[in-house]
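To keep things clear, I will list the structure first and then write my remarks on it.
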Amino acid sequence: SLLKSYSHDENLLVSLAAVNYSLSRFKEVIINCNDVIAKNEKNYAAYFYRGLSNMKLENYIDALNDFYVTLKWQKQIGANSDALLIQYIN
């Protein structure tokens with residue numbers, strides 16, 4: 001399938017996770033994000049979407065852990081996801 005041929009592309013997988021999140025497919029988001037994290041453990045966007053999905057699935061401890069890692073990696077690479085996190089959490 002087309003998706004399998006691009007499954008090595010972590011940016012595409014993060015985009016797919018974002019689409020799945022908007023469609024309330026939270027378990028699919030977690031699968032997408034796990035695939036990204038397996039390829040690049042520093043991809044903070046994957047932890048972010050996985051955290052959001054864990055919140056929706058009421059896996060609060062997992063969500064907090066994902067948000068912690070999101071903040072850790074984004075600070076190390078100089079990205080600014082704080083505003084995005086606050087938008088989704090509020």
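Note that the structure is a prediction, hence the values are computed from the model and not measured.
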Run the numbers on V69 and Y44 for side-chain contact (heavy atoms from CB on, under 4.5 Å), then give the verdict. CA-CA 7 Å; V69 175; Y44 67 88; over 6 Å; no
Give the intermediate values and the outcome of side-chain contact (heavy atoms from CB on, under 4.5 Å) for residues V14 and N32. CA-CA 7 Å; V14 170; N32 299 145; over 6 Å; no
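Side-chain heavy atoms closer than 4.5 Å link hydrophobic residues (I, L, V, M, F, W, Y) into clusters, and following such links, even through other members, never connects V19 to L12. When hydrophobic clusters are built by joining Ile, Leu, Val, Met, Phe, Trp and Tyr residues whose side-chain heavy atoms come closer than 4.5 Å, directly or via intermediates, Y60 is not grouped with Y68.
Note: Y47 and F67 fail the aromatic proximity criterion, with ring centroids not under 6.0 Å apart.
Residue C33 holds its SG atom at 12.0 Å from CZ of F26, rounded to the nearest 0.5 Å. Taken to the nearest 0.5 Å, the OH atom of Y21 stands 4.5 Å off from the CG atom of L52. Annotation: the span from L13 atom CG to I37 atom CD1 amounts to 11.0 Å, rounded to 0.5 Å. Atom CG of L23 sits about 5.0 Å away from atom CZ of R25, to the nearest 0.5 Å.
Partners of D62 by side chain to side chain donor-acceptor pair (under 3.5 Å), not counting sequence neighbours: none found. Looking at residues two or more places apart in sequence or on another chain, you find a side chain to side chain donor-acceptor pair (under 3.5 Å) between N59 and N54. Qualifying side-chain contact (heavy atoms from CB on, under 4.5 Å) partners for K27, counting only residues two or more places apart in sequence or in other chains: L57. Scanning for side-chain contact (heavy atoms from CB on, under 4.5 Å) contacts around N34 gives I30, R50, with sequence neighbours left out. Considering only residues two or more places apart in sequence or on other chains, I31 meets the side-chain contact (heavy atoms from CB on, under 4.5 Å) condition with E28, D35.
Grouped by direct or indirect side-chain proximity (heavy atoms under 4.5 Å, Ile/Leu/Val/Met/Phe/Trp/Tyr only), I61 sits alone.
Nearest heavy atom pair, residue G51 against residue D66, reads N-OD2, 3.4 Å.
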